Amino acid sequence: MTTATLNPTAASPLLFSGAMVFDSSERSFRRADIAAIDGHIQLENAGSMPGARRIDCSGKFIIPGLIDCHVHLTGSGDPAELNAARTTPLAQRAWRAETYARATLHAGFTTVRDLGAADRLNIEMAHAVAAGLIEGPRILAAGLGVTMTGGHGHGFLATEADGADAVRKAVREQLRAGATAIKLFASGGVMTPGVDPRSPSFTEEELRAGVEEAHKAFRPVGAHAQATDGIKNAIRAGVDSIEHGVWLDDEAIEMMRERGTYLVATLTAPYQIAHRGLEAGIPSYMVDKGWQVLESHQDSFRRALQAGVRIAMGTDQGTPANKPGENAQELLQMTALGMSSGAALMAATAWAAGLLRIEGEAGSISGGLAADLVVLDGDPLENIGVLTNQRAIRAVIQAGRIVRSDLPENED
């Protein structure tokens with residue numbers, strides 16, 4: 001599929017010299033120069049480009065722009081966000097969301113998939129970023145998620161539908177509105193009061209109808225799925241990714257491995273809700289459910305990782321204490337549970353691009369792809385935590401444009 005592309009025409013040719021550059025195929029760094037011309041990467045003869053702005057990256061490490069496969073850019077991460085957003089006028093929510101988008105981009109996340117926003121504000125933000133009206137990551141936007149009547153996300157982030165035909169229509173409505181991704185709810189969740197995360201929601205037939213409509217339009221489908229039966233229903237229905245995957249049993253893990261279904265665990269979300277808890281002002285029902293899911297969630301991730309399930313990085317940014325610009329904390333969660341730093345970096349770049357069907361556009365430092373780059377002071381393979389340190393992020397480049405930089409430069 002083709003995502004909304006940022007206009008590179010005003011970007012000057014850039015040359016990044018002297019850096020160690022991440023090679024996705026080898027999962028290692030090698031010395032190379034990178035040129036950015038008309039918003040795209042050029043590696044051959046990159047070192048000789050008269051008139052280019054030369055950025056001195058000596059002693060630095062360059063990785064592809066990071067990708068977060070599960071965000072809610074309209075959310076601030078404030079514990080009272082859910083209630084406040086329902087009473088805040090749309091215009092104010094849009095103005096605030098622009099600052100959240102900018103913080104996300106400045107943290108090195110040049111592409112995101114937004115899986116639900118009231119009033120489909122994420123779709124409008126995607127258009128505004130693509131047109132250069134606001135500064136933010138490239139956005140694949142799901143519009144509203146689709147949930148059953150009374151299901152998780154209802155009344156705010158999702159539209160309600162019951163029965164295969166109604167689900168099919170609801171997905172078509174998101175596509176008509178401009179959605180470039182689709183989200184279906186296969187189980188209950190933590191943040192919706194009165195909904196049990198252990199309970200499945202849509203049937204396999206309902207999920208299959210939604211998946212068929214999305215795939216006809218070449219859109220990837222993520223399923224919010226925490227309950228074991230909901231996860232299995234979603235896998236059998238053909239979703240591209242399981243979001244959260246709290247209660248994965250051995251059968252579900254094997255199904256995902258065989259079918260190539262990705263896991264986007266969003267480990268940060270329940271961890272922050274449980275550990276920050278009531279002291280941070282998070283509602284007690286959320287805290288209780290956060291602790292309810294936490295241990296199983298972490299165990300499921302470990303077992304899926306060991307079994308070879310495909311993994312892409314996602315944070316659920318916007319949930320309580322899960323703030324814009326702090327997305328890289330998810331990588332710390334992943335490595336703490338046994339993932340290598342190299343695999344975690346792949347999950348936030350090339351593997352994420354594969355899930356989102358944009359591997360021909362972004363996700364690696366390859367000739368012809370978008371010049372989305374992050375320049376670091378340290379080696380993330382030795383210390384993945386460098387990505388959580390804003391001072392260690394020396395430059396962010398999106399589609400050949402310098403978003404932020406404190407590196408020396410001169411014109412050749």
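As the structure is a prediction and not an experimental result, all values here were calculated from the model. In this chain, numbering begins with 1 at the start of the sequence shown.
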Answer yes or no: does atom [atom1] of [X] have more than 12 heavy-atom neighbours from other residues, nucleotides or ligands under 6.0 Å?
X: Arg391; atom1: CZ; answer: no
X: Glu254; atom1: CD; answer: yes
X: Lys60; atom1: NZ; answer: yes
X: Arg236; atom1: CZ; answer: yes

For Phe185, enumerate each residue passing the ring pair (Phe, Tyr, Trp, His ring centres under 6.0 Å) test, keeping only those at least two apart in sequence or located in another chain. His152, His224
Which atom names give the shortest non-hydrogen contact between Ser241 and Leu355, and what distance separates them? CB-CD1, 3.7 Å
For residues Leu381 and Ser28, report the shortest heavy-atom separation together with the two atoms involved. CD1-CA, 4.0 Å
State, with a plain yes or no, whether a side-chain heavy atom of [X] is found less than 4.5 Å away from one of [Y].
X: Arg93; Y: Asp119; result: yes
X: Arg113; Y: Glu243; result: yes
X: Met255; Y: Thr261; result: no
X: Leu278; Y: Ser284; result: yes
X: Ile123; Y: Ile139; result: no
X: Ile63; Y: Leu387; result: yes
X: Met334; Y: Ile384; result: no
X: Tyr271; Y: Gln298; result: yes

Sub-3.5 Å donor-acceptor pair from the side chain of [X] to the main-chain atoms of [Y], do we have one?
X: Asp114; Y: Leu73; value: yes
X: Ser201; Y: Gly188; value: no
X: Thr388; Y: Gly385; value: yes
X: Glu26; Y: Asp23; value: no
X: Tyr285; Y: Met191; value: yes

Please round to the nearest 0.5 Å and tell me the distance separating atom [atom1] of [X] and atom [atom2] of [Y].
X: Asp377; Y: Asn389; atom1: CG; atom2: CG; result: 8.0 Å
X: Glu382; Y: Phe61; atom1: CD; atom2: CZ; result: 6.5 Å
X: Met148; Y: Phe202; atom1: CE; atom2: CZ; result: 8.0 Å
X: Leu184; Y: Asn233; atom1: CG; atom2: CG; result: 12.0 Å
X: Arg401; Y: Asp372; atom1: CZ; atom2: CG; result: 12.0 Å
X: Ile34; Y: Gln42; atom1: CD1; atom2: CD; result: 11.5 Å

Is Arg102 paired with Glu98 through a side-chain N to carboxylate O contact shorter than 4.0 Å? yes
If you measure from the Lys or Arg side-chain nitrogens to the Asp or Glu carboxylate oxygens, is any gap between Glu213 and Lys216 under 4.0 Å? yes
Side-chain donor-acceptor contact under 3.5 Å, Gln390 with His106: no
Short side-chain donor-acceptor distance under 3.5 Å, Glu330 and Thr268: yes
In residues 314-321, what donor-acceptor pairs under 3.5 Å come from side-chain atoms, sequence neighbours left out?
from, atom 1, to, atom 2, distance (Å)
Thr315, OG1, Asp68, OD2, 2.6
Thr315, OG1, His70, O, 3.4
Thr315, OG1, Gln317, N, 2.9
Asp316, OD1, His70, NE2, 3.0
Asp316, OD1, His72, NE2, 3.0
Gln317, OE1, Thr104, OG1, 3.4
Gln317, OE1, Asn327, ND2, 2.4
Gln317, NE2, Thr104, OG1, 3.3
Thr319, OG1, Asp316, O, 3.1
Thr319, OG1, Asn322, ND2, 3.0

Working for side-chain hydrogen bond (donor to acceptor under 3.5 Å, both in side chains), residues Asp162 and Thr149: CA-CA 7 Å; Asp162 298 300; Thr149 296; 2.3 Å; yes
N/O donor-acceptor pairs under 3.5 Å from side chains in residues 301-309, not counting sequence neighbours:
from, atom 1, to, atom 2, distance (Å)
Arg303, NE, Asp299, OD2, 3.1
Arg303, NH1, Asp250, OD1, 3.0
Arg303, NH2, Leu248, O, 2.3

